[in-house]
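Below: one structure, written as structure tokens.
Keep in mind the model is a prediction, meaning the values are calculated, not measured. Just so it is clear: chains get the letters A, B, ... in the order the sequence lines come, proteins before strands, and each one is counted from 1. Basis for what follows: all heavy atoms, side chains included, without hydrogens, waters or symmetry-related copies.
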Protein chains: 2
Amino acid sequence: MHIKLALLGFGNVHRALARLLLRKTDVLRDEYNLTISVTGIATHSRGFAIDPAGLDLVRALELVEAGQKLDALHQGEPVRDTLALIAACPADLVMEATWLDPRSGQPAIDYVRAALQAGRHVVTANKGPVAYAYRDLLALAKAQDRGFFFESTVMDGAPVLGIGREALLATDVKRIRGILNSTTNYVLTCLERGIDFEDAIIQAQEIGVAEADPATDLEGWDSAVKITVLANVIMGADLRPSDVDRTGIMATSVQEAQAAVQAGERIKLVCEAVRDDATGMVRASVRPMRLPFADPLSQVQQTSSAVTFETDTLHHLTLVEGDTDPTTTAYGMLVDMINILRGRYRYESF
Amino acid sequence: MHIKLALLGFGNVHRALARLLLRKTDVLRDEYNLTISVTGIATHSRGFAIDPAGLDLVRALELVEAGQKLDALHQGEPVRDTLALIAACPADLVMEATWLDPRSGQPAIDYVRAALQAGRHVVTANKGPVAYAYRDLLALAKAQDRGFFFESTVMDGAPVLGIGREALLATDVKRIRGILNSTTNYVLTCLERGIDFEDAIIQAQEIGVAEADPATDLEGWDSAVKITVLANVIMGADLRPSDVDRTGIMATSVQEAQAAVQAGERIKLVCEAVRDDATGMVRASVRPMRLPFADPLSQVQQTSSAVTFETDTLHHLTLVEGDTDPTTTAYGMLVDMINILRGRYRYESF
């Protein structure tokens with residue numbers, strides 16, 4: 001099987017994906033009988049390139065990393081924007097990892113919708129389309145008989161959503177709890193060690209975990225978007241990030257963090273989605289909580305992340321991911337691609 | 001879709017499965033369009049029953065739990081043993097959870113082979129067939145175009161093997177480490193708390209974790225069988241349990257366990273499979289090791305279990321399962337059943 005990919009965005013994640021595709025060429029061919037060409041790349045500031053015969057990925061990486069535009073690789077009529085590239089690029093599957101507005105999920109929602117409408121499978125690393133438009137996009141994907149997968153939106157390449165799809169079957173998911181944001185977890189780990197808030201943020205920025213403006217993370221917004229994804233996809237809820245009862249870590253101090261440790265507990269920014277037994281409704285929250293050492297989530301240090309599922313049949317199932325980097329995220333997209341190609345998105349019933 | 005099941009064995013696990021099938025009747029029908037009947041049950045000491053129209057599971061549970069035989073439910077010619085039941089019972093899928101000899105994997109291997117040869121899908125909760133005959137049984141299953149799944153053999157219902165099948169794709173699994181035996185982990189937790197070895201074993205027996213003869217667990221044999229399963233299935237090795245370099249916890253003391261904790265470490269019975277970079281060969285071991293608190297495996301307490309995968313794309317991925325019971329194991333078999341029915345065993349290539 002030969003597959004043509006269009007890449008929307010060519011930042012850290014998609015450049016790591018390009019390198020992964022190059023590195024995994026042999027194993028994909030030998031073990032999966034799969035050959036892949038990238039027929040289009042759309043970027044924010046480095047132009048657009050389409051080549052129906054397959055772009056030279058090594059050259060594309062060189063150009064962008066040298067600060068140049070991709071236009072030299074382009075074949076055919078000029079392309080004016082990302083939506084035009086989606087329409088013009090001959091692709092079986094669109095990989096979406098563009099910049100987006102975390103408060104609206106746009107323009108990624110429009111890109112995903114356009115790609116599905118054009119009959120492409122879609123893999124996205126962006127939480128936005130899932131947190132703000134999951135039901136609509138899933139309905140569209142089903143109507144088109146195409147896959148819409150997004151493993152890398154939560155916990156990078158860790159198979160959180162894969163577990164939901166493949167292992168939490170015919171079970172009542174009562175609660176999902178997670179530590180899903182690296183910046184806040186790194187800062188909380190620093191506070192325990194006596195490093196004050198401002199210095200902790202500077203450290204987090206120096207190692208590339210925190211953004212230049214870390215407010216989205218520190219106020220719990222990123223966590224709220226992620227728990228929305230899990231609640232909607234795995235628990236069948238229909239929440240938006242603004243529905244999440246959210247408290248960030250801005251008010252947490254070294255003293256509080258160290259007092260918790262003295263008491264055999266750790267302060268963690270816990271994301272939680274809980275189904276109310278009486279009404280069946282799912283409520284979600286993000287807030288700093290003291291967790292006893294015996295709780296696996298309390299042991300998630302620095303930039304690691306974790307999620308615990310509580311169901312009527314699996315009482316406590318926890319997934320922990322450590323040492324992530326852009327390759328981890330890109331790998332989640334590669335796994336989504338393989339799973340879509342082998343039909344894992346057709347899973348409703350018999 | 002209507003599915004007929006034959007149950008081999010009717011101990012704790014299959015009785016929990018019978019209750020789960022009763023409890024999940026509505027969700028299986030409504031969400032998966034799946035109805036199920038159990039057409040045969042083979043037991044060690046409670047007889048055999050076949051009914052092509054479907055056995056009354058409530059009645060079967062009552063009979064066995066009252067110490068009576070199942071023969072009252074049987075329709076047709078008498079059945080003399082389990083192999084005869086496999087041959088005579090009209091079933092789409094055979095669920096295997098019989099008693100077996102941990103040093104040979106028999107007679108479960110013969111049961112699985114007979115069921116596959118008869119054209120049945122097979123789900124087993126027994127490690128033996130996988131640890132001693134995986135390649136042969138998988139080849140037979142492929143030749144018959146039938147599924148052979150065994151999620152519940154390692155970490156009960158936790159999706160360890162599901163992650164291998166669905167999420168560790170086109171990746172180089174370098175190392176698998178796990179804490180996979182409840183009895184030894186419970187005893188080690190007791191030692192840390194100052195409870196001596198003999199008392200810890202008595203406690204473990206009282207809560208139903210340890211066997212009357214706990215030697216298989218304490219000498220690391222159960223752990224060796226489990227790491228063999230993971231090495232063979234997920235890393236493509238071809239080991240037998242006797243190939244595992246194995247040390248049990250018989251020589252571990254309260255003093256050692258507490259000294260480790262004082263040093264910020266915990267003694268754990270660690271199962272490990274490692275691929276040698278130079279030769280590509282996989283070596284496996286089971287031995288008590290001191291793990292620092294920062295290692296997620298060090299935090300696995302009492303009867304919980306955990307496994308960490310290290311791959312070239314997912315650097316540290318850990319799965320932790322807590323609070324298991326026979327329902328957890330039965331649930332792993334139910335998930336295997338659904339995944340076989342939706343074709344998840346046809347996953348080799350495109």
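- For chain A, the nearby parts of B/Glu321 are the backbone and the side chain; heavy atoms of each come within less than 4.5 Å.
- A distance of 11.0 Å separates CD1 in A/Ile338 from CD in B/Glu166, rounded to the nearest 0.5 Å.
- Remark: B/Asp312 engages A/Lys24 in a salt bridge, criterion side-chain N to carboxylate O under 4.0 Å.
- Across A/Val335 and B/Ala167, no two heavy atoms sit closer than the pair CG2-O, 3.5 Å.
- For the side chain to side chain donor-acceptor pair (under 3.5 Å) criterion with A/His315, the lone passing option out of B/Thr327, B/Asp325, B/Asp323 is B/Asp325.
- Atom OH in B/Tyr32 sits 4.0 Å away from atom CG in A/Leu169 (nearest 0.5 Å).
- A heavy-atom distance below 4.5 Å is found between the side chains of B/Ile163 and A/Leu319.
- The contact between B/Val27 and chain A is made entirely by side chain atoms (from C-beta outward), counting heavy-atom distances below 4.5 Å.
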Item to complete: Mind running side chain to side chain contact (heavy atoms under 4.5 Å, CB included) on A/Arg342 and B/Arg346 for me, showing each step along the way?
Response: CA-CA 9 Å; A/Arg342 59 187 192 170; B/Arg346 298 194 190 101; over 6 Å; no
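- Side-chain atoms of A/Thr318 and B/Gln299, non-hydrogen and from C-beta on, never get closer than 4.5 Å to each other.
- Qualifying salt bridge (charged side-chain N to carboxylate O under 4.0 Å, His left out) partners for B/Arg146, counting only residues two or more places apart in sequence or in other chains: none.
- With a 6.0 Å radius and a threshold of 12 heavy atoms from other residues, nucleotides or ligands, A/Asp277 has its CG atom at or below the threshold.
- Residues of residues 151-158 of chain A that come closer than 4.5 Å to chain B, counting heavy atoms only, are A/Gly157, A/Ala158, ordered by residue number.
- Here A/Arg165 contributes atom CZ and B/Asn339 contributes atom CG; the two are 10.0 Å apart, rounded to the nearest 0.5 Å.
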Item to complete: Please step through side chain to side chain contact (heavy atoms under 4.5 Å, CB included) for the pair A/Thr171 and B/Leu334, ending with a clear verdict.
Response: CA-CA 10 Å; A/Thr171 193; B/Leu334 182 73; over 6 Å; no
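- Interface remark: B/Leu28 contributes side-chain atoms only to the contact with chain A (heavy atom separation under 4.5 Å).
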